[in-house]
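Reviewing the structure listed below.
Values below: all heavy atoms of this structure, side chains included; hydrogens, waters and symmetry mates excluded.
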Amino acid sequence: MNQNELWNKIKLKFKENANFDNNTYDTWINSVKPISYEGNVLTLELPTALHRDYWDRQLKSTFIEYAYAITQTDITPNLVLKGEVDDNNQNLKRFNEANGKSEIPHIDPHLNPNYTFDTFVIGQGNQMAHAAALAVSEDPGKVYNPLFFYGGVGLGKTHLMQAIGNKVLSSNPNAIVKYVTTEKFTNDFIDSLQNNKMQEFRKVYRNVDLLLIDDIQFLANKEGTQDEFFNTFNALYEDNKQIVMTADRLPNEINSLTDRLVSRFKWGLSVDITAPDMETRAAILRAKAKSESLAIDDNIMSYIASQIDSNVRELEGALSRIKAFADLKQEPITMDLVSEALRPLKLNKEKSAITPESIIKTTASYFRVTVKEIKGKKRVKAIVMPRQIAMYLSRELTDNSLPKIGEAFGGKDHTTVIHACDKISKQLATDSDLQNQIKDIKTEIKH
Ligand SMILES: Nc1ncnc2c1ncn2[C@@H]1O[C@H](COP(=O)(O)OP(=O)(O)OP(=O)(O)O)[C@@H](O)[C@H]1O
């Protein structure tokens, strides 16, 4: 029997017995080419490294079983990639090290199983992001690539991004999905540079079907990591692999993000997620309460939703607090219990009520300018500097979104706030006078 005859017989067995649909059969079996059959080794040429990984993990043992049924001998598959075939040394090396070991390291998707579409409540602020996420999860790499979510903290960006990963894996358990924060990507990159492991790094990041990368604003000012990310992005994109990213702002608003990255990100779709309205907050609470089997009256839900209006993470925190209160006191969840449980949160909020308004007031008096001047448009240095410092402090000390801060400064655009924050952060690194001024103003604000 030559290699073609043997492979055709094995293929037939895969077709008849392996329970593959046509698509799966074409992808993993029909795309394989028999190269040689010598001794007890059948050399097969596979189209990509992904195929080899899949064969190593999923198909090798079935292959051996089918080959044995046909030849009554143990046949070992020698899996090579196109281009490797002529290189005998590499071929041999690969064969020797193979032994069931996959070339692509095992990739842990790092997904939270609770972050699914089922547990995500759709509301006004996230409707569009949800629709885009769903579309991408149904057809990764095809519709919006890359998909980019941006918006403030605790609004569900990570949840939605991981929901895509969970859905892709549940539809195709063999898909290679990887979720990473930008911080982890950066650390992995630096680590592999220092330890001469760039090849492994690339093997991990360039062999995924779906890359989910969170908080890419942290790529700011990291040129080397940006370069590597750019190359990763290109490799995946050219291979029609899906990339999903999140950040707290639009790519062109991220400090020193290279133009080539910004322009790549524009190839796909950017969608913002905004804070949930009252109705959505109540719906989220109802869903969370239900999943934890908490019995809470509808009007109590509305009350909680009206009190906690910043973001979903805080809403969840409030609910856990209420639950803990009810458990400790062994009482049902009544309006009294809820208002007692939430009182410290509200008091805290009132006591430490640091708002852009209070920051503007303190900063103005520190620099002996007026609140009106800070909120105004005058561009003289004596006013611009205090204005930018107050914007910077509003960003640092409050949870207000960039547009909200802009509004507090007499209706300025959020890009002006970003510019101010970036400028002050940069200057702070080298200017000790500014460091002291900011320290003093902060102390005053907190008193
Ligand atoms: N629409 C929603 N329905 C259900 N749960 C939600 C929704 N939005 C957010 N959450 C929950 O709120 C919490 C915070 O969400 P998440 O971590 O995804 O926010 P984020 O936008 O990524 O914030 P950050 O930028 O701080 O990481 C999570 O526990 C998430 O499950």
Side-chain angles (χ1 to χ4, degrees), residues 128-129 132-133 136 144-155 157-158 160-161 164 178-193 198 201-202 204-206 208 210-239 241-274 388 391-392 394-396 400-403 405-406 412-430:
M128 172 84 177
V136 161
Y144 310 121
N145 201 15
L147 177 61
F148 187 91
F149 296 128
Y150 65 101
V153 297
L155 296 180
K157 298 186 296 295
T158 304
L160 211 45
M161 152 187 265
I164 300 176
K178 186 168 176 66
Y179 165 86
V180 271
T181 58
T182 298
E183 203 188 348
K184 169 94 170 69
F185 181 88
T186 307
N187 291 342
D188 282 359
F189 170 60
I190 294 171
D191 204 45
S192 40
L193 267 184
M198 266 330 279
F201 174 90
R202 290 183 178 144
V204 169
Y205 280 98
R206 297 186 188 182
V208 297
L210 169 62
L211 179 65
L212 308 166
I213 176 152
D214 215 351
D215 289 326
I216 64 141
Q217 70 272 13
F218 294 125
L219 282 178
N221 305 319
K222 296 189 181 110
E223 260 173 54
T225 314
Q226 283 189 30
D227 277 350
E228 186 57 33
F229 184 63
F230 180 75
N231 294 330
T232 307
F233 183 102
N234 287 342
L236 292 176
Y237 189 88
E238 274 159 27
D239 242 2
K241 301 305 164 95
Q242 179 71 46
I243 304 145
V244 183
M245 297 174 282
T246 75
D248 65 351
R249 57 191 92 161
L250 273 169
N252 56 355
E253 291 165 354
I254 297 173
N255 193 19
S256 84
L257 194 64
T258 60
D259 288 345
R260 53 186 194 160
L261 267 179
V262 172
S263 78
R264 288 287 187 286
F265 294 174
K266 283 188 190 149
W267 288 351
L269 176 73
S270 302
V271 206
D272 66 338
I273 302 189
T274 55
Q388 289 181 331
M391 285 180 176
Y392 167 85
S394 301
R395 181 83 175 135
E396 191 188 319
N400 286 335
S401 64
L402 292 165
I405 295 173
K412 306 240 169 4
D413 194 71
H414 71 288
T415 52
T416 312
V417 183
I418 290 173
H419 172 71
C421 296
D422 289 345
K423 186 167 164 239
I424 299 296
S425 325
K426 237 187 226 152
Q427 203 171 325
L428 262 178
T430 51

[atom1] of [X] to [atom2] of [Y]: how many Å apart, nearest 0.5 Å?
X	Y	atom1	atom2	answer
Glu223	Thr258	CD	OG1	8.5 Å
Leu219	Glu228	CG	CD	11.5 Å
Leu257	Lys222	CG	NZ	11.5 Å
Ile254	Leu261	CD1	CG	9.5 Å
Ser425	Arg395	OG	CZ	10.0 Å
Asn252	Leu250	CG	CG	5.5 Å

- More than 12 foreign heavy atoms under 6.0 Å from CD of Glu183: is that the case here? no
- Query: Is it true that atom OH of Tyr144 has more than 12 heavy atoms of other residues, nucleotides or ligands lying nearer than 6.0 Å?
  - Reply: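 Atom OH in Tyr144 is not crowded, with 12 or fewer foreign heavy atoms closer than 6.0 Å.
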- Task: Could you verify whether a donor N or O on one side chain and an acceptor N or O on the other, from Asn231 and Arg206, lie under 3.5 Å apart?
- Result: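 Arg206 and Asn231 do not have a side-chain donor-acceptor pair below 3.5 Å.
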- Message: If only side-chain N and O atoms count, and only distance matters, is there a donor-acceptor pair under 3.5 Å linking Asp214 with Tyr179?
- Response: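 Distance-only check passes for Tyr179 and Asp214.
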- Does the side chain to side chain contact (heavy atoms under 4.5 Å, CB included) test come out yes or no for Gln226 and Phe229, once each step is laid out? CA-CA 5 Å; Gln226 283 189 30; Phe229 184 63; 5.6 Å; no
Where [X] and [Y] come nearest, the two heavy atoms and their spacing:
X	Y	result
Ala132	Leu269	CB-CD2, 3.8 Å
Ser192	Phe189	OG-O, 3.0 Å
Pro403	His414	N-CB, 3.7 Å
Ile273	Ala129	CG1-CB, 3.7 Å
Ile216	Ala247	CG1-CB, 3.9 Å
Pro146	Phe265	CG-O, 3.8 Å

Are [X] and [Y] side-chain neighbours, meaning at least one heavy-atom pair lies under 4.5 Å?
X	Y	answer
Met391	His419	no
Val153	Asp248	no
Phe218	Thr181	no
Met128	Thr274	no

My understanding is that only one of [options] makes a side chain to side chain contact (heavy atoms under 4.5 Å, CB included) with [X]; could you say which?
X	options	value
Thr232	Val204, Ile213, Leu211	Leu211
Ile405	Thr416, Ile418, Val417	Val417
Phe201	Ile190, Asp188, Leu193, Asp191	Asp188

- Query: Between Thr182 and Met245, is a side chain to side chain contact (heavy atoms under 4.5 Å, CB included) present by the stated rule, with each step listed?
  - Reply: CA-CA 9 Å; Thr182 298; Met245 297 174 282; over 6 Å; no
- Message: Between Lys426 and Asp422 (salt bridge meaning N to carboxylate O under 4.0 Å), is one present in this structure?
- Response: no
- Item | Pi-cation contact, Tyr237 with Arg264 (under 6.0 Å, within 45°) | no
Looking at [X] and [Y], would you say the former's side chain and the latter's main chain have a donor-acceptor pair under 3.5 Å?
X	Y	answer
Asp239	Lys241	no
Gln242	Leu236	no
Thr246	Asp215	yes
Lys157	Gly151	yes
Ser256	Asn221	yes

- I would like to know whether Tyr150 and Ser270 meet side chain to side chain contact (heavy atoms under 4.5 Å, CB included); could you show each step before the answer? CA-CA 7 Å; Tyr150 65 101; Ser270 302; 4.2 Å; yes
- Message: As a quick check of understanding, evaluate side chain to side chain contact (heavy atoms under 4.5 Å, CB included) for Thr415 and Arg249, giving each step before the final call.
- Response: CA-CA 10 Å; Thr415 52; Arg249 57 191 92 161; over 6 Å; no
- Query: Taking the six-membered ring where the residue is Trp, are the ring centres of Phe185 and Tyr205 under 6.0 Å apart?
  - Reply: yes
